[in-house]
Amino acid sequence: MARLAAVLRGLGVQPEDRVATLSADSDTYHELMLAARWAGAAVVPVNTRWAVSGGTHVFPSRFDAAAMARAVERRRVTDVVLVPTMLQMLVDSPEAARADMSSLRRVL
């Protein structure tokens, strides 16, 4: 992520910029998303293949494990992208232990 973030900065990406990506439903999208955040920017996905039922991306300004657990349960979230610290906070959260998170299929 650090090398890709450095490439983005070398291309002129500044903090608070938006980086558009033509997303092809691949792991590369997640790599770019994390690298852009590392560079201080945000990713704006453009996916011409995405169906209406394709999903929703949420980029909170602050991670809250309890709120995440409630959202997974309430919205039946199937995929999440978490850095190791976030994953540990979620595992340690009493609310996450009580929440129905059986909808989760992939944790990236």
Is the backbone of [Y] close enough, under 3.5 Å, to the side chain of [X] for a donor and an acceptor to pair up by distance?
X     : Y     : answer
Arg37 : Ala41 : yes
Glu73 : Ala99 : no
Asp92 : Met89 : no
Arg3  : Met1  : no

Which atom names give the shortest non-hydrogen contact between [X] and [Y], and what distance separates them?
X      : Y     : result
Asp100 : Arg76 : OD2-NH1, 3.3 Å
Ala65  : Ser93 : CB-CB, 3.8 Å
Met68  : Val80 : CE-CG1, 3.1 Å
Ala69  : Ala96 : CB-CA, 3.6 Å

Just verifying a value: how many Å separate [X] [atom1] and [Y] [atom2], rounded to the nearest 0.5 Å?
X      : Y     : atom1 : atom2 : result
Arg98  : Arg70 : CZ    : CZ    : 10.0 Å
Arg106 : Thr78 : CZ    : OG1   : 6.5 Å
Gln14  : Glu16 : CD    : CD    : 11.0 Å
Leu90  : Thr85 : CG    : OG1   : 12.5 Å

So, Ser103 versus Arg75: side-chain donor-acceptor pair below 3.5 Å or not? no
Please test Val83 against Phe63 for side chain to side chain contact (heavy atoms under 4.5 Å, CB included), starting from the C-alpha separation and ending with a verdict. CA-CA 10 Å; Val83 297; Phe63 181 75; over 6 Å; no
Using the rule given for side chain to side chain contact (heavy atoms under 4.5 Å, CB included), can you reason through Leu32 versus Leu8, listing the C-alpha separation, both sets of side-chain angles and the distance that settles it, and then say yes or no? CA-CA 9 Å; Leu32 178 61; Leu8 291 172; 4.0 Å; yes
For Arg9 and Trp38: C-alpha separation, side-chain torsions, deciding distance, then whether side chain to side chain contact (heavy atoms under 4.5 Å, CB included) applies. CA-CA 10 Å; Arg9 284 192 298 266; Trp38 192 311; 4.1 Å; yes
